[in-house]
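Below you'll find the structure, written out as structure tokens, and then a few comments.
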Amino acid sequence: MSSQAATGKPAMSERARAEARLGWLLAGPAFVIMLLVTAYPILQAIYESLFRFRLTAPDERQFVGLANYAVILSDWVWWRDLLVTLLITVITVAVELVLGFALALVMHGAIKQLRGLLRTAILVPYGIITVVSAFAWFYAFDINSGFVNQWFAWVPGISPDLNWFAEFGTSIFVIIASEIWKTTPFISLLLLAGLAQVPGELTEAAKVDGATRWELFRKVTLPNMKAAIMVAVLFRALDAFRIFDNVFIMTNGANNTEVLSLLAYRTSIGRLEIGMGSAISVLLFLCVLLIAFLAIKVFKVDLAGSRGGN
Amino acid sequence: MIVLTDVRNDRGASARAARTGRRARGLGAVAALAALSFSLGACAGDGGPPTLTWYINPDDGGQAALAEKCTAEAGGAYRIETSLLPNDAASQREQLARRLAAGDPSMDIMSLDPPYIPELAEPGFLAPVPPDVAERTTRGVVQGALDGATWNDRLVTVPFWANTQILWYRKSVAEAAGLDLGQPVTWDQLIQAAQTQDKELAVQGARAESMTVWVNALIASGGGEIIVNPDANARDIQLGLDSPAGVDAARIVSTIGREGLGGPGLPTMDENQSMSLFQSDRGSFMVNYNFVWPAMQGSVEDGSLDQAVVDDIGWALYPRVSPDRETAPPLGGINLGVGARSTHPDLAYRAIECMVSPENQAEYFVTNGNPPSALAAFDDPEVRQKFPMAPTIRDSLDIAVPRPQTPYYNEVSTGIQQTWTPPADVDPATTPRDSQEFITAVLRGERLL
């Protein structure tokens with residue numbers, strides 16, 4: 001392929017240019033629309049964040065510059081919510097990476113006849129709408145309607161009187177568990193794609209050289225999957241950082257379980273404080289940008305590498 | 001294409017459709033599509049009477065039935081269509097405020113929770129009540145409901161039904177504890193009775209609006225008030241939480257929380273869960289709205305509750321904070337308001353007059369369990385027969401105290417919910433002061449909520 005392309009290059013150039021033009025023509029409108037629908041709300045939010053403005057007091061709109069940001073960044077509520085969000089992000093991503101890898105290996109190694117069924121079964125939680133899964137978990141653990149306390153009363157620490165949503169530790173446990181249950185399939189699918197990319201000849205060669213399964217995994221499979229793993233971690237981290245539904249349904253932020261997106265929601269939608277809410281949203285957006293930047297620059301995530309191109 | 005044709009057909013039907021039609025011609029098909037959402041709300045098919053949209057809070061179908069009844073009585077002058085709002089009062093407020101702020105012309109009639117009315121009245125989101133309508137709809141209405149309907153000394157909404165919490169008790173428990181419910185009771189007596197009988201108190205300890213209802217009743221009964229100057233602007237509002245009445249209230253909430261008297265479910269308990277606890281073997285006393293009575297009757301009918309439990313239930317006025325002060329039961333209910341941008345405010349007020357007639361309020365009470373705001377409706381024989389506690393409710397409505405009437409009620413209420421929950425963490429020595437400082441800072445825009 002590559003030698004053909006090299007020799008045929010001058011002859012192909014006209015066609016390649018035409019293809020590139022067509023590509024731009026086809027993708028251009030979508031690109032422009034995407035830019036409009038993403039850039040417009042962001043710019044609007046940045047503009048609104050400079051005002052003290054409440055939806056039900058339209059006449060009292062007042063330009064305050066960066067005062068909203070100063071209030072937010074000097075308030076422990078913001079830092080507490082940031083810590084809770086980071087806690088949820090770190091734990092869910094770490095646990096999901098391990099679980100997802102295990103599931104990916106199972107799917108990869110399964111005999112052909114079982115593969116389809118296995119993938120479908122593993123994907124079921126991911127197919128459920130997040131709000132629905134949050135309600136399901138909430139009702140399962142709720143002290144009035146839940147069955148968890150009855151079924152697991154034999155586990156030390158669980159009794160019929162345990163109110164899971166009355167304290168930070170137990171509330172955050174349920175929130176994190178439901179998040180892991182819901183999104184592990186996503187990470188395992190990304191990792192499965194990565195596993196499929198590991199060149200068969202390398203594995204074969206390592207086997208011939210007498211590598212154990214563990215050595216094979218550590219020295220051949222993992223290094224070849226680095227790009228896929230980093231992409232999976234980045235995508236999931238960004239996703240987990242924006243967690244909303246589970247917390248909203250289960251505790252609505254009670255017991256210090258509030259996360260940043262819930263704070264933004266409660267300020268903009270609940271309090272109708274458009275200025276302050278926009279400032280929180282802008283800061284949330286900057287956090288997400290920062291995570292993506294750190295992952296790509298510091299951990300050198302190669303977004304192109306995950307597409308299978310060598 | 002069909003969509004555009006519909007808009008054109010509707011154009012002659014009403015003034016609003018004509019306006020949207022003009023807009024459609026001016027701005028083209030895109031605007032016509034947008035206008036369709038308005039005209040759908042405005043027109044009842046081809047050439048029918050104008051349609052009024054009534055945004056209702058969820059109930060047992062009583063408001064929808066009233067809409068039909070008043071449509072029939074209008075004799076073709078208007079049609080009322082209902083549109084359902086979210087379940088809880090806070091979400092209802094969010095949706096109404098957003099729509100009103102955006103100038104949605106479909107906000108003809110709205111079922112409004114009284115504490116949120118000042119916030120909507122202050123920026124002029126509500127159409128003024130015509131003096132004659134005000135005169136006719138406020139005659140013989142309980143004072144609390146009138147207070148809730150008024151802002152800046154002007155009637156801005158029409159009282160529709162009034163609600164109040166009363167004390168529900170298990171006769172067997174009260175008897176065993178030697179408590180005479182014929183006399184006014186205090187919270188301390190209830191606490192003691194529950195302790196000695198090893199039972200649980202059904203109160204609402206969740207981090208929700210119900211917490212503000214409870215704290216407000218406790219502080220008011222202790223002779224205090226949550227907001228000293230409710231009509232002040234955000235920066236100048238003075239709170240009365242950090243006061244002897246506030247400390248008393250904190251003592252009661254924290255005792256119930258710390259002694260485990262609300263059961264393990266207390267930190268997440270709302271009105272419905274209180275009712276479940278009260279019906280159970282652990283039940284003793286409960287403060288709750290009247291909806292519990294028809295709900296428990298329904299449970300008996302479908303076999304999930306023993307008739308003996310219902311036979312064991314008594315009722316009395318809401319408990320006091322101290323023996324020498326009057327009780328201050330919580331006041332709730334729903335008022336009807338008209339959006340300032342409604343195209344038919346006159347018709348909307350005509351429809352409201354029909355809805356709030358004492359007969360209709362009595363019927364709504366009987367079918368949906370929500371007590372009337374018109375005193376005359378309590379004399380209805382069917383009401384007396386179906387709700388043996390109606391006289392207690394009437395007495396309670398007479399002395400009920402509304403929650404603070406201020407455009408910043410949401411901030412105050414959310415602040416209380418955050419600082420007074422869970423009940424076991426409330427400390428009389430610090431909670432009232434912390435709560436007051438926190439809410440004051442939020443109102444000044446210095447803190448996040």
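Throughout, a chain's letter reflects where its sequence line sits, starting with A, and its residues are numbered from 1. We use all heavy atoms of the structure for the numbers below, so side chains are in, but hydrogens, waters and symmetry mates are not.
No part of Glu167(A) comes within reach of chain B, as not one of its non-hydrogen atoms sits under 4.5 angstrom from that chain. The contact between Gln418(B) and chain A is made entirely by side chain atoms (from C-beta outward), counting heavy-atom distances below 4.5 Å. Heavy atoms of Asn68(A) lying under 4.5 Å from chain B are absent altogether. In this structure, chain B has no heavy atom under 4.5 Å from any part of Leu162(A). Only the side chain of Trp76(A) comes within contact range of chain B, with at least one heavy atom under 4.5 Å from a heavy atom of that chain. Interface residue Asp75(A): only side-chain heavy atoms are found under 4.5 Å from chain B.
Each of Ser276(B), Gly445(B), Ala97(B), Pro422(B) has some count of heavy-atom pairs under 4.5 Å with chain A, and the biggest count is that of Gly445(B). Counting heavy-atom pairs closer than 4.5 Å to chain B, the top residue among Gly253(A), Ser74(A), Ala57(A) is Gly253(A). Counting heavy-atom pairs under 4.5 Å between each of Ala166(A), Gly270(A), Pro58(A) and chain B puts Gly270(A) at the top.
In this structure, the side chains of Tyr408(B) and Arg54(A) come closer than 4.5 Å at one or more pairs of heavy atoms. Here the side chains of Leu272(A) and Arg93(B) are in contact, with some heavy-atom distance below 4.5 Å. Using a 4.5 Å heavy-atom threshold, the side chains of Ile143(A) and Pro264(B) count as touching.
Residues Ala101(B) and Leu55(A) come closest through the heavy atom pair CB-CG, 3.6 Å. Nearest heavy-atom pair, Val77(A) versus Arg447(B), reported as atom, atom and distance to 0.1 Å: CG2-NH2, 4.3 Å. Arg266(A) and Thr414(B) get closest at one heavy-atom pair: NH1-CG2, 3.8 Å. Taking all atoms of both residues into account, the shortest heavy-atom contact from Leu448(B) to Ile72(A) is CD2-CG1, 3.9 Å.
Summarising the local packing, CG of Leu25(A) is surrounded by more than 12 heavy atoms from other residues, nucleotides or ligands at distances under 6.0 Å. Annotation for Arg154(B): atom CZ does not count as buried by contact number, only 12 or fewer foreign heavy atoms lying within 6.0 Å. Heavy atoms from other residues, nucleotides or ligands lying under 6.0 Å from OH of Tyr139(A) number 12 at most.
To the nearest 0.5 Å, atom OG of residue Ser91(B) and atom CD1 of residue Ile269(A) are 11.0 Å apart. Between the CD atom in Glu122(B) and the CG atom in Asp59(A) there is a gap of 9.5 Å [rounded to 0.5 Å].
A donor and an acceptor atom, one from each side chain of Thr268(B) and Asn163(A), are located under 3.5 Å apart.
Glu94(B) has no carboxylate O lying under 4.0 Å from a charged side-chain N of Arg271(A), or vice versa, which leaves the two without a salt bridge.
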